[in-house]
Amino acid sequence: MNRTLILLGGAHVHLDDHLDHLAARGWRISAVHDRDASRRAQLCERLGATALEDLSELPADAAGALVCSETAHHEADITAALRAGLPVFTEKPLAGSAEAAARCVALADQTGLDLQTGYFFRTNAALKALKDAVDGGLLGRVHEARMRFSHDGGFADWLDLDCWMTDPALACYDGFVDEAVHCIDLLQWLLGPVTSGHAVTANALGWPVDDHGTAVLRLDDGATATVEAGWTDAAMRLELDLVGDRGHARLIDGELTIRQRGQDKPVATHALSEPDAGEGIEPFLDTLEGRPNDARVTPAQAASVNAVLDRLNLHLGGPIAGA
């Protein structure tokens, strides 16, 4: 089968993670479009790919497209790929606003082509085991949740923030959202839709976008959830608590423990493998290869994250006109 993808944009910090997973499965990039001519040339040389100067030039003989452009350009890149007959995997979030995300979903539905988004927590074995526990009723009705996903990339300066990620017109969302989207997707995957909430964000690093914050959410079945995220922690942290009427689950320091009420001995424990953003593309590759993957993010699910963000007033600006 054809194992080539077209790369649309090389701006995203997790591009190399996806390229590693592509290479491990025998896939490669055959052509590159990037609005930054210098970056496009460098990527083409590095990947042995053909340069595409215009989105109208997209060849239809690839198996699909990988979108790693700035968030403001996602809609234009996804639209071009789908109209060229190419299934699409895009880095998160799906698009630069709820309205843009909805248009992408509508086009995917119209064309019948696959459109997936890189919410990679769903591929983690420990978190998949947690979903099985929740779906199996081990916790009973979950009535409260807390999740934190944050890192020290701002203060420790390993996350290069002097770039599009701190340009409101290109990023469309801030540093809190950059990490919080993974929490929102996972909580909705585990517990159901978010119906309302509010967020408070703040700025510790001085960039033109806020860099950390907290959101309080209400889910469709009445459960409440707290999400903490950003670029300003003292280290990388992924923590999660789910409390139900029959049991509770806690993820801390890389270990997931599931207990039932009144029992000290855990029902199950799972070691969390190191979160790998590149794993997010695995369900897309499985789909292209004709294999099922229960971690697949549907277009509607990805768009629902954008809808939550915009309801929380976290949207900074829409996609660039004519992008």
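- Within the model, atoms OG1 of T269 and CG of L272 stand 12.5 Å from one another, a figure rounded to the nearest 0.5 Å.
- Residues E99 and D310 form a side-chain contact, since some pair of their non-hydrogen atoms from C-beta on lies under 4.5 Å apart.
- Within the 4.5 Å cutoff, the side chain of D174 has heavy atoms near those of the L316 side chain.
- Residues R39 and D34 are paired through a salt bridge, judged by an N-O separation under 4.0 Å between the basic side chain and the carboxylate.
- For the pair E179 and H151, the minimum side-chain heavy-atom distance is below 4.5 Å.
- Pairing each heavy atom of P299 with each of L94, the nearest pair is O-CD2, 4.0 Å.
- For the atom pair OG1 of T287 and CZ of R296, the computed distance is 5.5 Å after rounding to the nearest 0.5 Å.
- In this structure, R250 places its CZ atom where only 12 or fewer heavy-atom neighbours from other residues, nucleotides or ligands lie under 6.0 Å away.
- Here the side chain of Q301 pairs a donor or acceptor atom with the backbone of T298 at under 3.5 angstrom.
- Checking side-chain atoms of Q116 against main-chain N and O of F284 turns up a donor-acceptor pair under 3.5 Å.
- Under a hydrophobic clustering in which Ile, Leu, Val, Met, Phe, Trp and Tyr are joined whenever their side-chain heavy atoms come within less than 4.5 Å, directly or via other members, V177 and V227 fall into the same cluster.
- We find that K131 and D294 are not joined by a salt bridge, their nearest charged nitrogen and carboxylate oxygen being 4.0 Å or further apart.
- Taking the ring centroids of F176 and H212, they lie at or beyond the 6.0 Å cut-off.
- No side-chain donor-acceptor contact under 3.5 Å links H14 to the backbone of G280.
- Residue L240 holds its CG atom at 7.5 Å from CG of L256, rounded to the nearest 0.5 Å.
- For the residue pair A98 and A307, the shortest heavy atom distance occurs at CB-CA, 3.9 Å.
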Where do E255 and H270 land on the side chain to side chain donor-acceptor pair (under 3.5 Å) test, with the steps shown first? CA-CA 6 Å; E255 183 173 81; H270 302 273; over 6 Å; no

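- The line from CG of L7 to CG of L47 is 7.0 Å long, rounded to the nearest 0.5 Å.
- T214 places no side-chain N or O within 3.5 Å of a backbone atom of V200 that could act as its donor or acceptor partner.
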Before giving the answer on salt bridge (charged side-chain N to carboxylate O under 4.0 Å, His left out), spell out for R146 and D241 the whole-Å C-alpha distance, their side-chain angles and the decisive distance to 0.1 Å. CA-CA 5 Å; R146 180 191 70 87; D241 284 283; 3.1 Å; yes

Test side chain to side chain contact (heavy atoms under 4.5 Å, CB included) on Y119 and V305; report intermediate values, then the result. CA-CA 10 Å; Y119 291 120; V305 175; 3.5 Å; yes

Check against side chain to side chain contact (heavy atoms under 4.5 Å, CB included), H315 and L309: CA-CA 7 Å; H315 179 243; L309 298 177; over 6 Å; no

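- I258 is listed as a side-chain neighbour of L139, based on a closest heavy-atom distance under 4.5 Å.
- Between E228 and R148, at least one side-chain N (NZ, or NE/NH1/NH2) sits under 4.0 Å from a carboxylate O, which counts as a salt bridge.
- Panel note: side chain W207, backbone L161; no donor-acceptor pair is recorded below 3.5 Å.
- Looking at every heavy atom in both residues, P59 comes nearest to L86 through O-CD1, 3.7 Å.
- In the hydrophobic clustering of ILVMFWY residues, with side-chain heavy atoms under 4.5 Å counting as a link, V297 and L5 come out apart.
- A distance of 5.5 Å separates CG in L285 from CG in L22, rounded to the nearest 0.5 Å.
- The existence of a salt bridge linking R46 and D16 is confirmed by a sub-4.0 Å separation between a basic side-chain nitrogen and an acidic carboxylate oxygen.
- Electrostatic pairing of D77 and R35 counts as a salt bridge here, judged by a charged N lying under 4.0 Å from a carboxylate O.
- Side-chain atoms of T50 and C44, non-hydrogen and from C-beta on, never get closer than 4.5 Å to each other.
- Hydrophobic clustering, with ILVMFWY side chains joined whenever heavy atoms are under 4.5 angstrom apart, groups V13 together with F155.
- The cluster map of Ile, Leu, Val, Met, Phe, Trp and Tyr, joined by side-chain heavy atoms under 4.5 Å apart, puts F89 and M1 in the same cluster.
- Between the T166 side chain and the D162 main chain, no donor and acceptor come within less than 3.5 Å of each other.
- Annotation: H21 is not in aromatic contact with W27 [ring centroid separation under 6.0 Å not met].
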Can D36 and S38 be said to form a side chain to side chain donor-acceptor pair (under 3.5 Å), step by step? CA-CA 6 Å; D36 184 318; S38 175; 4.5 Å; no

Apply side chain to side chain contact (heavy atoms under 4.5 Å, CB included) to V194 and R218, showing your working. CA-CA 6 Å; V194 171; R218 184 174 294 280; over 6 Å; no

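- Tracing side-chain contacts under 4.5 Å through hydrophobic residues (I, L, V, M, F, W, Y), one never reaches L15 starting from V88; they form parts of separate clusters.
- Closest heavy-atom contact between Y173 and L314: CD2-O, 3.4 Å.
- The heavy-atom pair separating A63 from L288 by the smallest distance is O-CD2, 3.7 Å.
- Enclosure of atom CD in E274 is not indicated, since only 12 or fewer non-hydrogen atoms of other residues, nucleotides or ligands lie within 6.0 angstrom.
- Using a distance-only test at 3.5 Å, with no hydrogens or angles considered, a donor-acceptor pair links the side chain of Q260 to the main chain of L138.
- When each of H12, H74, H33 is paired with S69, the side-chain contact (heavy atoms from CB on, under 4.5 Å) condition holds for H74 and for no other.
- Taken from CG in L107 to CG in L82, the straight-line distance is 4.5 Å, to the nearest 0.5 Å.
- Under the 4.0 Å criterion applied to side-chain N and carboxylate O atoms, E289 and R25 are assigned as salt-bridge partners.
- Annotation: side chain of V142 is not in contact with side chain of L190 (no heavy-atom distance under 4.5 Å).
- Side-chain contact of W231 with D152: a donor-acceptor pair under 3.5 Å is absent, judged by distance alone.
- Counting heavy atoms from C-beta on, the side chains of N124 and F121 never come closer than 4.5 Å.
- At most 12 heavy atoms of other shown residues, nucleotides or ligands fall within 6.0 angstrom of atom CD in E53.
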Side chain to side chain contact (heavy atoms under 4.5 Å, CB included) between H18 and C68, worked out: CA-CA 10 Å; H18 297 307; C68 283; 4.1 Å; yes

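- L43 is not listed as a side-chain neighbour of I29, based on a closest heavy-atom distance of 4.5 Å or more.
- Using modelled atom types, no side-chain atom of R246 and backbone atom of R261 make a donor-acceptor pair closer than 3.5 Å.
- Residue D135 qualifies as enclosed at atom CG: its count of foreign heavy atoms under 6.0 Å is above 12.
- The side chain to side chain donor-acceptor pair (under 3.5 Å) test with K92 is passed by exactly one of N306, T117, D178: D178.
- Listed for the D286 side chain is no donor-acceptor partner under 3.5 Å among the backbone atoms of R291.
- The closest donor-acceptor contact from the side chain of D211 to the backbone of A204 lies under 3.5 Å.
- The shortest heavy-atom contact between V243 and H248 is CA-CB, 4.1 Å.
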